Amino acid sequence: MRNPRAAGAVSELAELVLPWLPPADLAAAASASRAMRAAASAVTARRAADSSRGLEAVPVPFDNPIDSKPYAYFLYTPFSLIHPAASAHAQPWGCAQARPPCPTWPRPDLGLPSAGCACAEADCGGAGCACADAEAEMADASGAGMGTLRECGDGCACGPSCANRRTQRGVTARLRVVRQLKKGWGLHAAQVLRRAQFVCEYAGEFLTTNEARRRQRLYDELASAGKLSPALLVIREHLPSGRSCMRVNIDATKVGNVARFINHSCDGGNLQPVLVRSSGSLLPRLCFFAARDIAEGEEITFSYGDARLKPKGLPCFCGSSCCPGVLPAEET
C-alpha cells in the first residue's frame with residue numbers, strides 16, 4: 001500500500017530541490033520514483049511556460065512545434081552583469097510558487113551613481129533636465145543604423161515610474177520563444193508591437209575584450225560542431241572625435257535574457273538597436289525598439305552587423321533576398 005505521508009514528503013522535497021537542477025540532472029532525478037517523475041514533469045512544464053523565470057513583468061513562454069525539446073536552459077538576468085560575478089550563482093527555475101519580478105542578483109555598480117538630475121519626475125527628459133540629450137533622441141527617431149538614447153540613472157532624484165526610464169522596466173510586451181526547423185529557437189511577438197515601442201534589452205555578461213576573444217574561439221569550435229548556439233555580441237560605439245571607438249562585449253550564451261533568442265536578418269530585420277546610456281553609468285546598454293509595426297506572431301529580428309563573412313561560417317536561414325547564405329562573423 002502506498003504511504004500518502006511518504007509521498008507527500010517526497011513531493012515537498014522535490015519542490016525544494018528539483019527547480020535548482022539543470023535538465024540532465026532533472027531527468028536523472030525523474031527516474032528515481034513515480035512521485036519524482038511527476039514532480040519533474042511539473043517543473044519542466046513551468047519552465048516551458050516562462051523563459052524569464054518570473055523575473056519579468058510578463059511571462060515569455062516557449063513554443064516548440066518541431067520536436068520534443070520543451071525549453072532552452074540558461075541563467076536569466078533582466079540586465080547585464082559584470083563577469084565573473086554573473087557566472088558564480090545557481091538559480092531556481094520551475095518553482096510551484098511564482099516570485100514577483102525582481103533582479104536576479106543585485107544590480108552592479110557600472111559607473112558613478114552620484115551623477116544625475118534633480119528634476120521632479122514630470123520634468124525629466126525636458127530641456128532643463130541634465131539627462132536630456134536632443135541629439136540622442138533624434139538619432140533614435142531616425143531609424144537608420146544604431147541610434148542612441150540617454151535616460152535617468154540610479155543617481156537621479158526621480159523614481160522608477162519616471163518617463164525617462166522607458167527601457168529600465170524590463171520586458172512588458174508579450175513575446176514568445178518559438179522553435180523553428182532550421183533556425184532553432186527564435187523570439188516572436190505575441191501581440192502587435194507598434195513602431196518605436198520598446199521591446200527588450202540585450203542582457204548578458206559584460207566581458208573584457210580578452211575574455212570575449214577567448215570565449216569566441218571556444219564558441220566557434222562548438223558551434224561548427226552543432227553543440228552550441230552562441231550569443232556573444234560585440235558593439236562598437238564611435239566616439240565624438242571619429243578617430244576611435246569604444247568596444248562593449250555582451251555575452252548572453254550562458255547568462256542572459258530573452259534577447260538571446262533574437263535571430264539575425266540580412267535585411268536589417270524589424271528591430272531598431274539603440275545604445276542607451278543611463279546617467280552615472282560608464283557602460284551603455286543595447287536596447288531594441290520596433291523599427292516598424294510588427295504583427296502578432298511575427299518573428300522579431302535584427303542585423304548582427306556587417307562583419308566579414310567567413311567562407312566556412314555558420315549558415316544563415318533568414319530568407320531575405322539579400323542573404324549571402326552565411327552569418328556575419330565577428331573578428332574578435
Side-chain angles (χ1 to χ4, degrees), residues 18-19 21-24 26-27 30 38-78 91-96 98-99 101 104 170-194 197-204 223 226-231 252-265 269-271 288 290-302 304 314-320 327:
L18 296 188
L21 301 182
L26 183 64
S41 296
V43 169
T44 296
R46 288 192 289 266
R47 288 180 174 183
D50 186 11
S51 61
S52 75
R53 306 188 182 214
L55 296 172
E56 301 288 4
V58 294
V60 184
F62 289 95
D63 181 10
N64 185 356
I66 303 299
D67 53 40
S68 60
K69 188 174 183 180
Y71 59 86
Y73 187 82
F74 64 105
L75 298 181
Y76 199 94
T77 179
Q91 186 185 56
W93 188 15
C95 301
R99 296 177 294 167
T104 313
V171 176
T172 58
R174 295 281 177 179
L175 306 171
R176 183 179 298 271
V177 183
V178 180
R179 190 162 178 81
Q180 303 169 64
L181 184 59
K182 292 183 177 181
K183 290 184 179 181
W185 296 108
L187 195 62
H188 289 236
Q191 67 173 65
V192 174
L193 302 176
R194 298 300 180 189
Q197 180 178 345
F198 171 66
V199 178
C200 63
E201 174 182 348
Y202 195 95
K227 298 180 179 180
L228 183 72
S229 296
T253 304
K254 295 181 179 179
V255 182
N257 69 342
V258 297
R260 69 191 296 277
F261 296 109
I262 302 177
N263 285 318
H264 165 78
S265 182
N270 51 20
L271 292 179
F288 295 110
R292 57 169 173 79
D293 289 349
I294 300 173
E296 181 178 351
E298 183 179 350
E299 183 178 8
I300 58 178
T301 59
F302 78 107
Y304 289 0
L314 297 176
C316 179
F317 300 109
C318 73
S320 65
L327 286 171

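Since this is a predicted model, take the numbers as computed values, not measurements.
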Side-chain touch Asn257/Leu55, heavy atoms, less than 4.5 angstrom: no

What heavy-atom pair brings Ala259 and Cys200 nearest, and what distance separates the two atoms? CB-SG, 3.8 Å

Ser51 OG to Tyr73 OH distance, which is reported to the nearest 0.5 Å: 13.5 Å

Taking side chain as C-beta onward, heavy atoms only, is Val58 less than 4.5 Å from Arg174? yes

Find out whether Pro70 and Thr44 are in side-chain contact, i.e. whether some heavy atom of one side chain is under 4.5 Å from a heavy atom of the other. yes

Side chains of Phe74 and Arg260: does their closest heavy-atom pair fall under 4.5 Å? yes

Taking the side chain as everything from C-beta on, heavy atoms only, tell me whether Asn263 gets closer than 4.5 Å to Gln180. yes

Smallest heavy-atom separation, Ala189 atom then Ile294 atom, equals CB-CG2, 4.1 Å

Side chain His188, main chain Val178, donor-acceptor under 3.5 Å: no

Without swapping roles, check the side chain of Arg46 against the backbone of Cys95 for a donor-acceptor pair under 3.5 Å. yes

Closest heavy-atom contact between Glu299 and Gly186? OE2-CA, 4.1 Å

Does Arg47 form a side-chain contact (heavy atoms from CB on, under 4.5 Å) with Leu26? I'd like the steps, not just the answer. CA-CA 12 Å; Arg47 288 180 174 183; Leu26 183 64; 3.9 Å; yes

Just wondering, do Leu271 and Ser265 contact through their side chains at under 4.5 Å, heavy atoms? no

Backbone N/O of Pro61 and side chain of Asp50: donor-acceptor pair under 3.5 Å: no

Could you walk me through whether Gln191 and Arg176 pass the side-chain contact (heavy atoms from CB on, under 4.5 Å) test, one step at a time? CA-CA 9 Å; Gln191 67 173 65; Arg176 183 179 298 271; over 6 Å; no

By the definition side-chain contact (heavy atoms from CB on, under 4.5 Å), identify the one residue from Asp293, Asn270, Val199 that meets it with Leu193. Val199

Between Glu298 and Arg292, does a salt bridge (Lys or Arg N to Asp or Glu O under 4.0 Å) hold up when you go through it step by step? CA-CA 12 Å; Glu298 183 179 350; Arg292 57 169 173 79; 2.6 Å; yes

Quick one: pull up NZ in Lys183 and OG in Ser229 and give me the separation to the nearest 0.5 Å. 13.0 Å

Within a strict 4.5 Å, meaning less than it, do heavy atoms of the Val177 and Asp63 side chains meet? no

May I have the step-by-step check of salt bridge (Lys or Arg N to Asp or Glu O under 4.0 Å) for Arg179 and Asp67, ending in yes or no? CA-CA 8 Å; Arg179 190 162 178 81; Asp67 53 40; 2.9 Å; yes

Find out whether Leu228 and Lys254 are in side-chain contact, i.e. whether some heavy atom of one side chain is under 4.5 Å from a heavy atom of the other. no

Mark yes or no: Arg53 above the aromatic ring of Tyr71, with NZ or CZ under 6.0 Å from the six-membered ring centre and no more than 45 degrees from the axis. no

Give a yes or no on whether the backbone of Val171 and the side-chain of Glu56 come within a donor-acceptor separation of less than 3.5 Å. yes

Measuring centre to centre across the rings, with the benzene-like ring taken for any Trp, is Tyr202 within less than 6.0 Å of Phe302? no

How many angstroms lie between atom CD1 of Ile262 and atom CD1 of Ile300, to the nearest 0.5 angstrom? 5.0 Å

Angle between ring planes, Phe62 versus Trp93, binned at 30° and 60°: parallel, tilted or perpendicular? tilted

